[in-house]
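Start at 1 and go down the list; that is how both ligands and their atoms are numbered.
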Amino acid sequence: MDESPSPSPSPSPRKGNEIEHKVYARVGLLGNPSDVYYGRTISFSLANFWATVKLQPSDHLIITPHPTHDLVQFSGLDHLVKRLQSEGYYGGVRLLMSICKIFYNYCNENNIELSKENFTLSYDTNIPRQTGLSGSSAIVCAALNCLLDFYRVRHLVKVEIRPDLILSAEKELGIIAGLQDRVAQVYGGLVYMDFTKDHLEKFGHGVYTPMDISLLPPLQLIYAENPSDSGKVHSTVRKRWLDGDEFIVSSMVEVADLALQGQTAILEKDYSKLADLMNRNFDLRRSMFGDDALGSLNIEMVEVARRVGAASKFTGSGGAVVVFCPDGPSQVKLLEDACEEAGFVIQPVKVVPSYLNEDDLKTLSG
Ligand SMILES: Nc1ncnc2c1ncn2[C@@H]1O[C@H](COP(=O)(O)OP(=O)(O)O)[C@@H](O)[C@H]1O
Ligand SMILES: O=C(O)[C@H]1O[C@H](OP(=O)(O)O)[C@H](O)[C@@H](O)[C@@H]1O
Ligand SMILES: [Mg+2]
């Protein structure tokens, strides 16, 4: 796939009969994972990595397995077992199938007529696999964009509803996830999100407020090849929250409050406050999930940053960490050296500006 990052999705997705959409990874900057629990988050789409989905008209409906992400041919049993141990059983095919089902059902339920044409879907991604950078929803979101264009129904499916369709495709597969990834990936840019229960239940979506990306200070991204399944990471805390566990319920409220305070801190460019909020966010996650569920390598990525005096937290459920170095370039250099020694990859964060045009913006609530 094209290796040069472009800051926005292709404005004209049709090339002849083929449609292609590109969707970026996302970083949960504050408040995650309270999005799974009627909370609030601030998240942005990350230009460093992306997934693409291609749709070509065809006689039959075909979902094409990816040659490496959906591996079904191995050099031997040892290769097969190693692969399953490191990356699990699943690739992107199930995500593509699931969004097709969700899209079809949504259109049926909302009297949106679909033509009888068929298509072939294929995907590619350079988002490090299962590292809490929303590789899963990037694939689903890009596929939904292809379907909206192929069937020419984009104007009939409201922007605010799309994150929910993308989430439904993963819920369908039993993956526990929240809306923040999908909102960042549908909207682009930096977004403050409020998932208050009453609003969600009344309107079927949260309140999503785009923010100016130039308000953000320089940030760093650390990650390691260390796939972890967000569904598995979340399952115990989710169960405890559903059971009304007081510690989990009150901690989640506190996590959500960090995003609220963070919105003010970012608007006022109060970066020392932002650093405190980021650190508190990870500390609360650690106390709720426990070190075993988070994994020692993931915790070490956070600690490496903290040892040089930087603020750090997970971008998602684990595998990648977003870092703010309040002391500037000299501290970034210290961090780079520490990451090299620890074997972690570090990159400066590049933020994708909002994808929304004026018509889309008019449909936003709040
Ligand atoms: N890079 C990838 N290539 C193919 N499928 C992927 C990839 N990343 C995630 N998936 C699919 O999405 C599911 C959920 O991934 P998840 O744990 O949410 O990772 P992420 O943090 O990248 O979103 C996986 O079990 C797999 O089916
Ligand atoms: O735990 C989190 O912060 C997020 O986990 C999932 O994202 P992923 O990139 O798959 O780790 C989930 O989908 C998000 O809603 C959570 O906030
Ligand atoms: Mg995911």
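Shown in contact with G178 at under 4.0 Å from a heavy atom are these atoms of ligand 2, numbered in order with element: 12 (C), 13 (O), 14 (C), 15 (O). Which parts of ligand 1 touch G92 is read off a 4.0 Å heavy-atom cut-off, strictly below it: atoms 4 (C), 5 (N). Close approach to G132 involves these atoms of ligand 2, each under 4.0 Å from a residue heavy atom: 8 (P), 9 (O), 11 (O). Annotation for ligand 2: atoms under 4.0 Å from non-hydrogen atoms of Q180 are 15 (O), 16 (C), 17 (O). Atom numbering of ligand 1 starts at 1 in the shown order; those under 4.0 Å from a heavy atom of L95 are 11 (C), 12 (O). Residue S134 approaches ligand 2 through these ligand atoms, each under 4.0 Å from one of its heavy atoms: 9 (O). With ligand atoms numbered from 1 in the order given, ligand 1 contributes 21 (O) to contacts under 4.0 Å with heavy atoms of L133. The ligand atoms of ligand 1 that sit less than 4.0 angstrom from a heavy atom of I175 are 13 (C), 14 (C). Close contacts between ligand 1 and G91 involve ligand atoms 4 (C), 5 (N), 11 (C), 26 (C), 27 (O) [criterion: under 4.0 Å to a heavy atom].
Residues C325 and A310 come closest through the heavy atom pair SG-CB, 3.9 Å. Residues S98 and A169 share a closest heavy-atom pair of OG-O, 2.5 Å. The two atoms that bring S43 and A184 nearest to each other are CB-CB, 4.2 Å, heavy atoms only.
Between Y187 and Y208, the ring planes lie perpendicular to each other; the angle is over 60°, past the 30° to 60° tilted range. Using the six-membered ring where Trp is involved, H69 and Y123 have ring planes that are parallel, under 30° apart on the 30 and 60° scheme. Using the six-membered ring where Trp is involved, H234 and F289 have ring planes that are perpendicular, over 60° apart on the 30 and 60° scheme.
Of all protein heavy atoms, the one lying nearest to atom 20 (P) of ligand 1 is G135 N, 3.6 Å. With respect to atom 11 (O) of ligand 2, the closest heavy atom belonging to the protein is S317 OG, 2.5 Å. When hydrogens are left out, the protein atom nearest atom 7 (O) of ligand 2 is R26 NH2, 3.1 Å; that is the closest non-hydrogen contact. When hydrogens are left out, the protein atom nearest atom 6 (C) of ligand 1 is R129 NH1, 3.8 Å; that is the closest non-hydrogen contact. Atom 1 (N) of ligand 1 has as its closest protein heavy atom T125 CG2, 3.6 Å. When only non-hydrogen protein atoms are considered, atom 9 (C) of ligand 1 lies nearest to Q130 CG, 3.9 Å. Protein heavy atom in closest approach to atom 21 (O) of ligand 1: G132 N, 3.0 Å. Of the protein's non-hydrogen atoms, the one nearest atom 15 (O) of ligand 2 is D35 OD2, 2.5 Å. The nearest heavy-atom contact from the protein to atom 3 (O) of ligand 2 is R285 NH2, 2.6 Å.
V53 is not listed as a side-chain neighbour of H21, based on a closest heavy-atom distance of 4.5 Å or more. Looking at heavy atoms from C-beta onward, C146 lies out of side-chain contact with E20 at the 4.5 angstrom threshold.
Considering only non-hydrogen atoms, atom 14 (C) of ligand 2 lies nearest to D181 out of L133, D181, N32, I175. With H69, E87, R94 as candidates, the residue nearest to atom 13 (C) of ligand 1 on a non-hydrogen basis is R94.
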**Study point:** side chain to side chain contact (heavy atoms under 4.5 Å, CB included) between M211 and F44, worked out
**Key:** CA-CA 9 Å; M211 295 177 74; F44 60 82; over 6 Å; no
Practice item. Begin with the C-alpha distance, continue with both residues' side-chain angles, and end with the deciding distance and a verdict on side-chain hydrogen bond (donor to acceptor under 3.5 Å, both in side chains) for S58 and Q56. Key: CA-CA 6 Å; S58 54; Q56 280 171 311; over 6 Å; no
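With a 4.0 Å cut-off on non-hydrogen atoms, S136 touches ligand 1 through its backbone as well as its side chain. Counting heavy atoms closer than 4.0 Å to ligand 2, residue R182 contributes side-chain atoms (C-beta onward) but none from N, CA, C or O. Looking at H234 against ligand 2, only its side chain comes within 4.0 Å, counting heavy atoms.
Ion pairing between a basic and an acidic side chain is recognised when a charged N comes within 4.0 Å of a carboxylate O; R154 and D149 show such pairing. Using a 4.0 Å cut-off between charged side-chain N and carboxylate O, R94 and E172 make no salt bridge.
For Y123, the closest heavy-atom approach to ligand 1 falls below 4.0 Å. The shortest separation from a heavy atom of G88 to ligand 1 is not under 4.0 Å, leaving the residue out of contact.
Linking Ile, Leu, Val, Met, Phe, Trp and Tyr residues whenever their side-chain heavy atoms come within less than 4.5 Å places I248 and L242 in a single cluster.
Between L29 and the options T41, L258, L219, a side-chain contact (heavy atoms from CB on, under 4.5 Å) holds for only L219.
With 2.8 Å as the limit, S136 counts as an N, O or S neighbour of the Mg ion (ligand 3).
Here the side chain of Q185 pairs a donor or acceptor atom with the backbone of S134 at under 3.5 angstrom.
When ring centroids are compared, Y223 and F49 come within the 6.0 Å threshold.
Between G316 and ligand 2, a contact under 3.5 Å exists for at least one N or O pair.
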